[in-house]
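Order of appearance sets the numbers: ligands from 1, and atoms from 1 within every ligand. The first residue of the sequence shown is numbered 1, and numbering continues consecutively from there.
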Amino acid sequence: MAEPRFSRSWRIIGYRSSMDSSFRIQHVDLFCVLFLLFIRSSISVSNEIPGFCAVGYGESECGPSSSSKLLIKGGTVVNADRQEVADVYIEDGIIVSVQPNIKVGDDVTVLDATGKYVMPGGIDPHTHLEMEFMGTETIDDFFSGQAAALSGGTTMHIDFVIPVNGSLSAGFEAYAKKAKKSCMDYGFHMAITKWDEYVEREMEIMVKEKGINSFKFFLAYKGSLMINDELLLKGMKACKSLGALAMVHAENGDAVAEGQKKMIELGITGPEGHVLSRPPVLEGEATGRAIRLASFVNTPLYVVHVMSIDAMEEIAKARKAGQRVIGEPVVSGLVLDDSGLWDPDFTIAAKYVMSPPIRKQGHNKALQAALSTGLLQLVGTDHCTFNSTQKALGIDDFRKIPNGVNGIEERMHLVWDTMVESGKISVTDYVQITSTECARIFNIYPRKGAILAGSDADIIILNPNSSFQITAETHHSRTDTNVYEGRRGKGKVEVTIAGGRVVWKDGELKVLPGTGR
Ligand code: URQ
Ligand code: ZN
Ligand code: ZN
């Protein structure tokens with residue numbers, strides 16, 4: 001009987017036979033209650049996020065602060081190329097002026113930033129929100145992942161669209177839908193997982209009509225996302241002709257499969273098998289291969305999540321030879337080592353499983369050094385969160401542990417503490433590697449990545465004399481574990497402004513689904 005599911009008549013008909021009248025009435029009420037709950041739930045997504053409140057800064061009712069006029073007073077304004085003590089005046093989401101002693105009326109909300117740094121909000125070039133992967137879906141969606149980002153001083157991210165059955169447009173539509181609940185600005189890269197006569201045309205449409213200017217090729221994840229060199233060459237040539245940037249996940253997927261088989265045959269099924277099955281040499285081989293093929297095609301190359309000395313040295317060699325290669329370390333590779341993967345407690349060890357794997361002590365220090373001297377150019381997170389239940393899909397076979405770690409909320413703090421507090425880089429370098437360089441590479445500078453008149457008002461106020469502590473208990477991601485659990489450090493992002501609205505202050509998040517562009 002083809003009646004619409006929620007028509008009253010269907011429901012009553014459905015139950016008349018077995019239920020007494022009072023029950024039916026209850027049923028109707030139950031239906032209204034369910035309907036109201038459904039409406040309410042779309043509003044309450046955000047209530048699952050700790051520290052969230054709908055009351056805007058300096059406002060009484062819900063939502064981000066709507067006072068569109070803001071003055072940030074007396075801070076040290078830092079851009080990638082200079083720093084100065086100056087005020088920043090904002091109207092309607094745009095920076096109007098940056099100069100000392102700006103006078104304003106009393107309809108302007110004033111934030112005191114004396115003794116603190118006023119910097120462009122972080123831009124994370126590498127995230128996976130609401131991504132279907134390895135038989136499950138990342139636990140953070142576009143709302144929770146972005147809310148976590150904002151509470152950590154990141155005001156934009158660039159996510160990876162995965163084609164649907166190889167179709168780029170279908171993939172784009174799916175991700176555009178996911179992103180509707182955004183509470184901060186975002187961009188898209190597109191993965192290429194298959195090649196046929198349509199893909200090249202679709203890449204052109206993505207570049208010319210959909211605002212995508214970068215495409216990612218996976219040389220690992222055999223049987224799912226992995227592509228071969230023939231496709232990589234075709235993809236690089238298409239990127240060259242379209243003026244798009246080729247990005248690569250560089251691990252030798254065939255050798256990884258071999259390594260995995262060997263571990264299982266040795267009876268090693270735990271998370272440590274993950275790191276043992278894909279050693280740094282397999283990352284170095286694939287990075288070198290991709291770099292040489294990019295020079296053969298003569299097109300720039302962006303190497304994502306550089307996790308080892310092996311890969312970093314391939315990039316450094318190519319750059320020294322004048323080749324346009326960009327290297328992106330991620331926070332996990334910069335500050336962690338592989339010791340956690342050997343923890344006897346599966347839940348603890350599995351949270352560190354990502355690819356390429358987090359490496360032995362020493363690789364992280366070398367990546368920090370390469371980043372501080374410009375051999376590597378910007379820092380991402382590869383935020384790709386699966387909670388402990390999802391990770392347990394691989395409880396008896398590490399090949400089934402969904403790969404990915406958190407970081408979108410912790411990046412700005414961990415880079416400040418590890419790289420600035422330690423004196424490895426300056427404050428202007430910090431802005432360069434956490435915001436400006438990403439904006440420049442993906443062609444959104446200076447709208448993004450700068451505190452200049454005319455730029456979007458995506459700004460953070462960082463107090464260098466304060467400190468932070470990371471725990472899954474207090475973080476804003478939806479996952480129940482955190483690979484930086486218990487970590488403390490210097491520097492605290494006290495205020496985050498996104499699109500001219502104060503969305504994070506005094507430990508409170510004020511974000512609304514649908515405000516991100
Ligand atoms: O490889 C990636 O970048 C995705 C699938 C995230 N997972 C990971 O382990 N890096
Ligand atoms: Zn990857
Ligand atoms: Zn990734």
Open item on the list: With heavy-atom distances below 4.0 Å as the criterion, list the atoms of ligand 1 near H126.
Closed with: 3 (O)
Open item on the list: Quick check on contacts: which atoms of ligand 1 are under 4.0 angstrom from a heavy atom of M354?
Closed with: 9 (O)
Open item on the list: When you compare the side chains of E409 and H475, does any donor N or O come within less than 3.5 Å of an acceptor on the partner?
Closed with: no
Open item on the list: Just to confirm my output: which protein heavy-atom neighbour is closest to atom 7 (N) of ligand 1, and how far is it?
Closed with: N403 O, 3.2 Å
Open item on the list: Any carboxylate oxygen within less than 4.0 angstrom of a Lys/Arg side-chain nitrogen, looking at E283 and R359?
Closed with: yes
TODO: Report yes if the distance between the aromatic ring centroids of F160 and H126 is under 6.0 Å, otherwise no.
DONE: yes
Task: Residue-ligand contact M134/ligand 1, heavy atom below 4.0 Å - done: no
- [ ] Under 4.0 Å, heavy atoms only, figure out whether ligand 1 is touched by the backbone of D382, its side chain, both or neither.
- [x] side chain
TODO: Among F172, Y175, F442, find the residue that satisfies the ring pair (Phe, Tyr, Trp, His ring centres under 6.0 Å) test when tested with H189.
DONE: F442
- [ ] Output the list of atoms in ligand 1 that are nearer than 4.0 Å to some heavy atom of H249, sorted by atom number.
- [x] 1 (O)
Open item on the list: Heavy atoms only, cut-off 4.0 Å: how does K216 contact ligand 1, side chain, backbone, both, or neither?
Closed with: side chain
Open item on the list: I'd like to know if K210 and E202 make a salt bridge, using a cut-off of under 4.0 Å between side-chain N and carboxylate O.
Closed with: no
Task: Over 12 non-hydrogen atoms of neighbours within 6.0 angstrom of CG in D397 - done: yes
Open item on the list: Please list the nearest protein heavy atom to atom 9 (O) of ligand 1 with its residue and the distance rounded to 0.1 Å.
Closed with: S355 N, 2.8 Å
Open item on the list: Taking 4.0 angstrom as the limit and counting only heavy atoms of H128, give me the atoms of ligand 1 inside it, by number and element.
Closed with: 2 (C), 3 (O), 4 (C), 6 (C)
- [ ] Considering the heavy atoms of F133, write down every atom of ligand 1 situated less than 4.0 Å from one of them.
- [x] 5 (C)
Open item on the list: Below the 2.8 Å mark, what number of protein N, O or S atoms do you get around the Zn ion (ligand 3)?
Closed with: 3
Task: Between E410 and N406: side-chain donor-acceptor atoms closer than 3.5 Å - done: yes
Open item on the list: Using a strict threshold of under 4.0 Å (side-chain N to carboxylate O), is an ion pair present between E130 and K177?
Closed with: no
Please table the atom pairs, donor to acceptor, closer than 3.5 Å between any side-chain atom in residues 215-225 and protein atoms at least two apart or in another chain.
residue : atom : partner : partner atom : Å
K222    : NZ   : D254    : OD1          : 2.8
S224    : OG   : Y221    : O            : 3.2

Task: K234/E230 salt bridge by N-O under 4.0 Å criterion - done: yes
Task: Pair W416 and Y117, ring centroids less than 6.0 Å apart - done: yes
Task: Region of Y221 engaging ligand 1 - heavy atom pairs below 4.0 Å - done: side chain
